[in-house]
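Only one structure is covered here, and it is reproduced in the block below.
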Amino acid sequence: MTNTKPGTYRSSASLIIAAKEDSLEDYDYRLLLIKRTEGTSYALNHCVFPGGVFDPVEDLSTKWLTFFKSFGVTDEHLKMCSHNQDSPRPEFLSGGDHFSKDIALRLTALRETFEEVGILICTEQEHLQKWDSKSGYPRTWLLEPSERSQWQHRVHNDASQFLELFRHHKVLPNIWSLQEWSIWRTAATANRKYDTVYYITMLDEHTKNINLLLEPHEVASAHWISPTEAWSSSQKGIIWLPFMLLYDIARLMNLCSFKELFNFSRQRSYKGSTMVQPVYYRCDDCMFGVLPGDELYPEEPGACTQTIILSGSVDAIHGKAKQYNRYIVYDFHNVVLASNVPPSDGHLPLQSLVNNKLAKL
C-alpha cells in the first residue's frame with residue numbers, strides 16, 4: 001500500500017459494470033453493486049461499484065507498455081483512451097512518464113474488479129486487429145482463468161501479478177471497453193480523501209452467465225440490480241449508497257435499454273469529465289451537499305475543510321434558492337436530490353422522477 005500524507009488525495013478508479021438481463025421491467029440490463037464487509041465499510045450495508053486505489057508503481061509500469069506493444073498495440077490505439085476536453089483535465093488523470101494516466105487508471109479499475117469479484121475483462125489480438133474504432137471497441141472476452149482463486153489471491157497481495165496474469169494467458173486487458181462516466185473528489189471535510197474516476201463498461205453476456213468470485217475479506221455480497229432498484233433499495237434502507245453514487249444512479253435511471261446506455265456512454269466519454277467536489281452545509285434540521293453550478297457553491301471548494309453552518313431551517317434556506325444543484329441528507333436513507341442546473345460535459349440530468357424542485361420540498 002502506498003503511503004500518503006494526511007490530507008492528501010489518493011487517486012482511485014471504479015468500474016460501473018452493465019450486463020444484459022431479460023426482463024419485463026423497465027430495464028434490459030443490470031448494474032453490479034458489491035456490499036463491503038464490515039471491516040472495510042464505514043456504514044451498514046455500504047454498497048459501491050468495484051474499484052480501489054491506484055498503484056503508481058505497477059499501474060504505470062513500463063512493463064505494461066512493452067506488453068501492449070508485443071500484441072501490436074500502437075501509439076494511436078493508446079491515444080484513444082485519452083481525452084481532450086475544453087476544461088483542464090484533473091491533475092490525477094494528466095501526464096504520465098511512459099503512457100497516459102488515463103490508461104493507468106483503467107488498469108487500476110480492471111485490476112480491482114478482478115481482485116474483488118473475479119471478472120477479468122480481456123480482448124484478444126485478433127479482436128484488436130479486426131477492431132473498427134468508429135463502431136465501438138475491441139470485442140470483450142470474459143476470461144475465467146484456471147486456478148482463478150489462486151490468481152485472485154496473488155493479484156490481491158501483489159499488484160504486479162495482474163500483468164503476469166495477462167502474460168500467462170496471452171490476452172490483453174480491454175482498456176478500450178471502459179468509457180469515462182464521471183470524476184468525483186471527496187469533500188475536503190472527509191478524513192479519507194480520494195480522487196476517483198468512474199468508468200462504465202458494457203458486457204454482452206447475461207448476468208446469469210457471469211460467474212463471480214468474491215474476495216472474502218473485502219466483499220460480503222454482490223448484486224445485479226437495475227438503476228431504479230438501486231435507488232429504491234437505498235431509500236428503503238436495504239442498502240446504503242454513498243451520495244455521489246446515488247447522484248450517478250439518478251443519471252443512469254434515464255437510460256432504460258442496454259443499447260441506449262452503450263451509445264450514450266461511448267459518445268459522451270469523448271468530452272471527458274469535470275471533477276466534482278461536494279461542499280457540505282449544516283442548518284437547523286439537516287445537512288446538505290452542494291455541487292458545481294449551485295449558487296452556494298464556493299470558488300475554492302478545497303478550502304472548505306469544515307462544514308459550513310447556516311442558521312434557519314432547510315425549508316427556509318431552500319425556499320430562497322434560485323439556482324441549485326444539491327442533495328439534502330435527512331439521514332443515510334432519506335436523501336433528496338434537487339438540481340435545476342444544466343449538466344456539464346454533455347452529461348445526463350437527474351432522472352425527473354427523483355429530481356425535486358426545492359420550492360416544493
Side-chain angles (χ1 to χ4, degrees), residues 9 11-16 18 49 51 80-94 100-102 105-106 109 178-188 193-201 227 231 241-255 260-281 288-304 318 321-328 335-358:
Y9 287 85
S11 301
S12 68
S14 289
L15 187 56
I16 304 169
F49 299 118
M80 291 177 183
C81 291
S82 299
H83 297 287
N84 297 314
Q85 64 188 73
D86 294 335
S87 56
R89 289 290 279 166
E91 185 177 346
F92 83 106
L93 272 166
S94 302
S100 165
K101 285 185 181 176
D102 278 312
L105 281 153
R106 279 170 164 75
L178 274 59
Q179 311 299 321
E180 194 175 293
W181 179 263
S182 62
I183 302 175
W184 292 85
R185 165 168 275 193
T186 312
K193 294 181 169 63
Y194 299 96
D195 288 335
T196 305
V197 54
Y198 285 85
Y199 297 105
I200 188 166
T201 194
W231 173 271
L241 294 174
F243 307 130
M244 61 189 71
L245 263 64
L246 201 61
Y247 196 95
D248 268 338
I249 287 289
R251 298 199 276 203
L252 285 159
M253 287 170 70
N254 288 289
L255 301 168
E260 280 182 317
L261 180 57
F262 175 88
N263 289 335
F264 174 80
S265 59
R266 182 170 177 267
Q267 291 164 11
R268 197 225 61 80
S269 69
Y270 292 124
K271 299 178 183 294
S273 305
T274 301
M275 185 158 63
V276 176
Q277 182 175 31
V279 172
Y280 286 106
Y281 287 78
F288 61 95
V290 301
L291 302 172
D294 193 292
E295 62 193 39
L296 291 179
Y297 197 73
E299 288 187 12
E300 296 185 18
C304 300
H318 289 162
K322 303 296 184 200
Q323 185 170 308
Y324 50 86
N325 187 23
R326 60 187 70 170
Y327 49 86
I328 303 100
V335 181
V336 173
L337 302 183
S339 178
N340 64 1
V341 174
S344 60
D345 308 313
H347 225 305
L348 292 163
L350 302 174
Q351 206 264 359
S352 58
L353 292 176
V354 298
N355 186 10
N356 294 269
K357 291 183 169 58
L358 287 185

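Keep in mind that the numbers below use all heavy atoms, side chains included, and drop hydrogens, waters and symmetry copies. Keep in mind it's a predicted model, so treat the numbers as computed, not measured.
Between L252 and I200, the closest side-chain pair of non-hydrogen atoms falls below 4.5 Å. At a threshold of 4.5 Å between non-hydrogen side-chain atoms, the residues V335 and F243 count as touching. In this structure, M253 and V354 have side chains that are in contact, with non-hydrogen atoms separated by less than 4.5 Å. Taking the side chain as every heavy atom from C-beta outward, Y324 and K357 approach each other to under 4.5 Å. The shortest distance between side-chain heavy atoms of P278 and V290 does not fall below 4.5 Å. The closest side-chain heavy-atom distance from V276 to P292 is below 4.5 Å.
Atom CG of L178 is separated from atom OG1 of T201 by 5.0 Å, given to the nearest 0.5 angstrom. Rounded to the nearest 0.5 angstrom, R185 CZ and Y194 OH are separated by 14.0 Å. Atom OG of S12 sits about 7.0 Å away from atom OH of Y198, to the nearest 0.5 Å. A distance of 9.5 Å separates CG of D248 from CG of L350, quoted to the nearest 0.5 Å. I183 contributes atom CD1, which lies 13.0 Å from atom CD of Q277 (distance to the nearest 0.5 angstrom). Separation of atoms CG (L337) and CZ (R326) is listed at 12.5 Å; rounding is to 0.5 Å.
When every heavy atom of Y199 is checked against every heavy atom of A13, the shortest pair comes out as CE1-CB, 4.2 Å. Pairing each heavy atom of S14 with each of T196, the nearest pair is OG-CG2, 4.0 Å. In plain terms, the two heavy atoms of S273 and P90 that are nearest each other are O-CD, 4.0 Å. Of all heavy-atom pairs between Y9 and A188, the closest is OH-CA, 3.5 Å. Here the closest heavy-atom approach between residue P301 and residue E299 is recorded as CD-O, 3.4 Å. Of all heavy-atom pairs spanning D102 and C81, the tightest one is CB-O, 3.3 Å.
Ring planes of F288 and Y281: parallel class, angle under 30° (limits at 30 and 60°).
Side-chain atoms of R266 do not come within 3.5 Å of backbone N or O of Q179 as any donor-acceptor pair. Using modelled atom types, one side-chain atom of D345 and one backbone atom of T274 make a donor-acceptor pair closer than 3.5 Å. A side-chain donor-acceptor contact under 3.5 Å links H347 to the backbone of W181. At least one donor-acceptor pair closer than 3.5 Å links the side chain of D294 to the backbone N or O of L296. The backbone N or O of K322 sits less than 3.5 Å from a side-chain atom of E295, completing a donor-acceptor pair. Here the side chain of Q323 pairs a donor or acceptor atom with the backbone of G293 at under 3.5 angstrom.
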Could you go through the side chain to side chain contact (heavy atoms under 4.5 Å, CB included) check for L105 and F92 one step at a time?
CA-CA 9 Å; L105 281 153; F92 83 106; 3.8 Å; yes
Could you please spell out the steps behind the side chain to side chain contact (heavy atoms under 4.5 Å, CB included) verdict for Y297 and N325?
CA-CA 9 Å; Y297 197 73; N325 187 23; over 6 Å; no
Under the side chain to side chain contact (heavy atoms under 4.5 Å, CB included) criterion, do L358 and I328 qualify, and how do the steps go?
CA-CA 10 Å; L358 287 185; I328 303 100; 4.0 Å; yes
Full working for side chain to side chain contact (heavy atoms under 4.5 Å, CB included) between S182 and Y247
CA-CA 11 Å; S182 62; Y247 196 95; over 6 Å; no
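A 6.0 Å sphere centred on CD of E260 holds more than 12 heavy atoms belonging to other residues, nucleotides or ligands.
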